[in-house]
Structure formats: C-alpha cells, structure tokens
Number of protein chains: 2
Amino acid sequence: MKETFGEYIHKLRTEASLTLTKLAAALDIDQSTLSKIENGKRNIPEEILPKLADIFNLDINQLEKEYFSEKIAEMIYPKENSSEFLKLAEQKAEYKRLTNLKQGKIDFKNA
Amino acid sequence: MKETFGEYIHKLRTEASLTLTKLAAALDIDQSTLSKIENGKRNIPEEILPKLADIFNLDINQLEKEYFSEKIAEMIYPKENSSEFLKLAEQKAEYKRLTNLKQGKIDFKNA
DNA sequence: ATAATTTTTTCTATTTTTGACAAAATTGTC
DNA sequence: GACAATTTTGTCAAAAATAGAAAAAATTAT
C-alpha cells in the first residue's frame, strides 16, 4: 500500500526528528506551507525534490516517480475503472513521444 | 496508436463537414479557442464533453476516458519509464480510494 | 486572385495559486 | 491543570496562470 507523497515526507521528517520549522527552513519554504504539503492541502513545488533528496539521502529519480505518480493518482482515484484510463494514457503517451520525435522537440534528459 | 483528444475532435468535426466557427458556436466557445484545442495548444474545458457527446452522438464515458487519459499522457510522455509511473499511480489511487482521503481531510491519527 | 477557413498573435479580465503572517488547535511534559 | 513546543488553519495581498475576444496572418480551396 503506497502512501501519499505528503505522508512520505512526514515520515521522513519525523523519523529524522525534525520539526516542521527546521525542515521548512532547509527547504526554504514557510512551515505552514510544509504542514499543508504533508497534509495534502497544497501543491508540492517541484523545486523541493532535489533538496529533499539531498537532506534525506534519497534517489532523486525515485522521488520524482513518487511525485508524479501522486499527481496522476489524484486525478484518477475517483474513477472506477482507473486501470483503463492508465492503459489508454500509456498509448497516448507513446503516440505523443513518437510524433514529437518526428518534430525533434523532445528532451529525455529529465526522464 | 491513439490520437490526441484534439485530433479526435478535429476528426469528428471534419467528418461531419463542420467549420471551426460552427462547431465552436455549438460548444459555446470562441473559434480560435477551438482551433487551439484541436491543435493541443489549450486546455480543454471539461464542460464541452457533454456537448460533444450530444452533437456527435458519443458515449460520454468513453469521451471522459479519452479526456483524462490525455491529461495523464501529457504528464508522463517525456518520461522514459512511464509504465512504472503508472503502476505506482494506480497503487496510490487505490490507497486514496481505500482511505477515502479527499483533499484536506488527511488525519494521521487514524492513518 | 479571391474567398473561406484556419491558425496565430495580442491584449485585457478573471481565476487560481502562492507566500507570509498570525491565530487557533494540538501535543507532550511536568 | 498549566506551560511550552509543535502543528494546523485561516486570511489576505501579490504573483502567476488561464481564459476570452478581436483581429492579423497564414493556409487552403475554388
């Protein structure tokens, strides 16, 4: 059972015995914002990912995977047949990849 | 190979021999907006889905599937290992579903 | 070339999101 | 219970993103 991204951060923070104030300072955001992030009430700015990876010694790619899959989950979780959405999404992604390759305007550096 | 949602609308429109102006009027949006939608340069307002279903006699559920999977595809298509993102997303969606966590209702005490 | 259609540009208005602060609530300790 | 530390919530203005409309530019068809 996968937790949400906010819960993940919460776990990391508490296991490291950090207060919201301290971690927020390290991430350069307000502590109230961090609280809202952990509780899923605020968008997570992508810029904090590398800082999180640095502070907690995490694989940045894994973090990004958690981050984006969270956004997708947010979109599909109210749908009954979500796996159908995902299957179709994968086909469409493949299509976009191919058509954009033809036009030579894609960048896999951050993939 | 699945087309984009914009291309799908374009196909529907041209097969019905409708101009941008006419269809846009029926959808109650500007024709320049419809042009951008067909060309993937503008977000697609969810409100047009029922109108599209009505005009072209389509299954609204299928339309919604196309609509949301398009949004997901937009997010993941630059990622190389997109299927991993989707697998994780499905787990997270399941988690959200089970714990019934709507935005702003996370309670770690009971988590 | 002209006309019709489509695409792009530009501008303004509206909505949404953000960051910061302070107040309220919760938690833990004595 | 009282107290301090931590966390959560609410508010509000500023910033950013998005929408809508009109018109110019480009494309397509006759």
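Here is the naming used below: chain letters follow the sequence lines, and residue numbers restart at 1 for every chain.
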Chemist: Give a yes or no on whether a salt bridge exists between A:Glu3 and B:Lys92, defined as a side-chain N under 4.0 angstrom from a carboxylate O.
Modeler: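 B:Lys92 and A:Glu3: not salt-bridged.
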Chemist: If you count the non-hydrogen atoms of other residues, nucleotides and ligands that lie under 6.0 Å from NZ in A:Lys79, is the total more than 12?
Modeler: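 More than 12 within 6.0 Å, yes.
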Chemist: Salt bridge check, A:Glu38 against A:Arg13: does any charged N sit closer than 4.0 Å to a carboxylate O?
Modeler: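 So A:Arg13 pairs with A:Glu38 through a salt bridge.
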Chemist: Could you give the CD1-to-C1' distance, from A:Ile37 to D:dT7, as a whole number of Å?
Modeler: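 The distance from CD1 of A:Ile37 to C1' of D:dT7 comes to 14 Å, rounded to the nearest Å.
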Chemist: According to a strict under-4.0 Å criterion, is B:Lys41 in side-chain N/O contact with OP1 or OP2 of C:dT8?
Modeler: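 Yes, B:Lys41 has a side-chain N/O under 4.0 Å of OP1/OP2 on C:dT8.
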Chemist: Please report how far the helix from C:dA1-D:dT30 to C:dC30-D:dG1 bends, comparing the axis fitted to its first five pairs with the axis fitted to its last five, to the nearest 10 degrees.
Modeler: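 That helix gives 50° between its end axes.
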Chemist: Would one find a side-chain N or O of A:Asn39 under 4.0 angstrom from OP1 or OP2 of D:dT8?
Modeler: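 Yes.
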Chemist: Could you give the CD-to-P distance, from A:Glu38 to D:dT6, as a whole number of Å?
Modeler: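 Rounded to whole Å, this separation is 14 Å.
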Chemist: Rounding to an integer number of Å, can you tell me how far A:Ile29 CD1 sits from C:dC21 P?
Modeler: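 Rounded to whole Å, this separation is 14 Å.
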Chemist: Does NZ in B:Lys22 sit with more than 12 non-hydrogen atoms of other residues, nucleotides or ligands closer than 6.0 Å?
Modeler: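 No, NZ of B:Lys22 has 12 or fewer neighbouring heavy atoms, counting only those of other groups under 6.0 Å.
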Chemist: Hey, is the main chain of A:His10 close enough, under 3.5 Å, to the side chain of A:Thr14 for a donor-acceptor pair?
Modeler: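 Side chain of A:Thr14 to backbone of A:His10: a pair is present.
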Chemist: Donor-acceptor check, side chain of A:Asn39 to backbone of A:Lys41, threshold 3.5 angstrom: yes or no?
Modeler: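 No.
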Chemist: Would you tell me whether A:Tyr95 and B:Glu7 have side-chain atoms, one donor and one acceptor, within less than 3.5 Å of each other?
Modeler: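 Yes.
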Chemist: Closer than 3.5 angstrom, by distance alone: can the side chain of B:Ser69 be matched with the main-chain N or O of B:Lys65 as a donor-acceptor pair?
Modeler: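 Here the side-chain-to-backbone pair exists.
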Chemist: Please report, rounded to the nearest Å, how far the P atom of D:dT7 is from the CG atom of A:Asp30.
Modeler: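 Roughly 13 Å, once rounded to whole Å.
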Chemist: Provide the closest heavy-atom pair for A:Glu90 versus B:Ser82 in the form atom of the first, atom of the second, distance.
Modeler: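 Closest approach of A:Glu90 to B:Ser82: OE2-OG, 4.3 Å.
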Chemist: Using whole Å, what does the distance between atom P of nucleotide C:dT6 and atom CD of B:Glu7 come to?
Modeler: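 Spelled out: CD on B:Glu7 to P on C:dT6 is 16 Å.
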Chemist: Check the distance between D:dA23's P and B:Gln31's CD and give it to me in whole angstrom.
Modeler: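 Taking atom P of D:dA23 as the reference, CD of B:Gln31 is at 12 Å.
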Chemist: With a 4.0 Å cut-off, would you call B:Glu80 and A:Arg97 a salt bridge?
Modeler: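 Salt bridge flag = no for A:Arg97 with B:Glu80.
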Chemist: Figure out the CG/P separation between B:Leu34 and C:dT7, and round it to whole Å.
Modeler: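 From B:Leu34 CG to C:dT7 P: 9 Å.
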Chemist: Is there a donor-acceptor pair under 3.5 Å between the side chain of B:Tyr67 and the backbone N or O of B:Pro45?
Modeler: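 Looks like no, no N/O pair under 3.5 Å.
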Chemist: In residues 9-27 of chain B, which ones come under 4.0 Å of DNA chain C, going by heavy atoms?
Modeler: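 Only B:Arg13, B:Thr19, B:Leu20 qualify.
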Chemist: Polar atom pairs between nucleotides 10-19 of chain D and protein, under 3.5 Å, N or O only, would you list them?
Modeler:
residue	atom	partner	partner atom	Å
D:dG10	O6	A:Lys36	NZ	2.9

